[in-house]
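Start at 1 and go down the list; that is how both ligands and their atoms are numbered. Computed from heavy atoms alone, side chains included, the values below leave out hydrogens, waters and symmetry copies. Here the structure is a predicted model, which means the values were calculated and not measured.
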Amino acid sequence: WQDRGAAVAVRQEVDANGKTVARYIKKGVRDFSFGNTLGEGSYSTVVFATDRQTLKEYAIKILDKRHIIKEKKVKYVNIEKDTLNRLTDHPGIVRLYYTFQDERSLYFVLDLCKGGELLGVLKRMTTFDEECTRFYGAQILDTIDYMHKRGVIHRDLKPENVLLDHQMYVKITDFGTAKILKTRRPDESQTSIPPIDSTEIPEEERASSFVGTAEYVSPELLVDKNACKASDLWAFGCIIYQLLAGRPPFKAGNEYQTFQKIVALDYEFPIGFPAVARDLVERLLVLDPARRLQIEHIKNHEFFDGISWGPELWKQKAPRLK
Ligand SMILES: NC(=O)c1nn(CC2CCNCC2)c2c1CCc1cnc(N=C3C=CCC=C3)nc1-2
């Protein structure tokens, strides 16, 4: 396990020959005071922590080494670390500052999101109005765009994994089931015409192995076990629907029945669902991933009229969640 993070402190020491030497020190468990548990995963616990020297607050994800190995989760832990190391300069991603370890555990020092989960806010409000849906939808889409441009598919986007920071801005987390796409060789000619259906999406654009949460899983993942960038946009369509309707579009008594509704595109809009948002959702919840709206077209959709994409989106005040 390769720890990450530059040496974060330098201490002057005198060596055996009386020479003053610089000792580069990395952070460790003793540099933090730990507080409440923020969440428990199947092989990790996320805890509130304060850096004793800087008093900066973090969320530290603690992973039990023995449990990771026993549950064969080493691959997921490395995927999460490699993904977070790749996604370091976007405000919508929970940032990994450093990792360290001791005998028993691995530690990921991450951004603290004091606003909790988007799902928690939605539950308290029942539904979001169009303005709030537009703002939070735009920040989520801007973050998905950044991930995809760096060859990362999240594969488990859902309101529980969309956290909110102290400014109530979006912070997407939990990259343990992400897929890092093999980048194309620079010399590879791009002459091929764009694929017209999922089977023609180039291998390096697709990812195999089943992941995800029932209500947000895309049909292509259920039918041919392949996730692609468009799979994140299917989940995005489900999230937009859920913010306005107060419930996800596909939800049944059990996972199997939910899957049946997804592959049959069996969902309805509640009365009063805004027409422009309905048009957007209908262009995202499309069974064939190659025909699903792509990010640039989503950004230009009427529903996002008035949104200034890019840095501006992360400077404006978050709308009051009324
Ligand atoms: N799995 C993770 O990486 C992770 N899990 N949590 C807590 C979960 C609680 C259940 N829903 C999903 C998130 C976090 C992180 C990243 C790092 C992270 C940073 N801040 C918070 N903050 C929270 C504050 C209040 C309630 C829940 C989380 N949480 C996390």
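Residues in residues 132-144 take part in these side-chain hydrogen bond (donor to acceptor under 3.5 Å, both in side chains) pairs, two or more places apart or across chains: His90-Asp142, Asp142-Trp314.
Its side chain within the 4.5 Å cluster rule, Phe48 clusters with Leu38, Val46, Leu112 among the Ile, Leu, Val, Met, Phe, Trp and Tyr residues.
Atom CG of Leu164 sits about 14.0 Å away from atom NZ of Lys114, to the nearest 0.5 Å.
Asp279 pairs by the side chain to side chain donor-acceptor pair (under 3.5 Å) definition with Arg283, His301, not counting sequence neighbours.
Using a cut-off of 4.0 Å between Lys/Arg side-chain N and Asp/Glu carboxylate O, Arg86 and Asp82 are scored as not salt-bridged.
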Identify all pairs of nitrogen or oxygen atoms, one from ligand 1 and one from the protein, separated by less than 3.5 Å, and list them with distances.
residue: ligand 1; atom: 1 (N); partner: Lys61; partner atom: NZ; Å: 3.4
residue: ligand 1; atom: 3 (O); partner: Lys61; partner atom: NZ; Å: 3.0
residue: ligand 1; atom: 3 (O); partner: Thr173; partner atom: OG1; Å: 3.3
residue: ligand 1; atom: 11 (N); partner: Glu117; partner atom: OE2; Å: 2.4
residue: ligand 1; atom: 20 (N); partner: Cys113; partner atom: N; Å: 2.9
residue: ligand 1; atom: 22 (N); partner: Cys113; partner atom: O; Å: 3.0

Can Phe269 and Tyr241 be said to form a ring pair (Phe, Tyr, Trp, His ring centres under 6.0 Å), step by step? CA-CA 8 Å; Phe269 290 93; Tyr241 177 103; 5.6 Å; yes

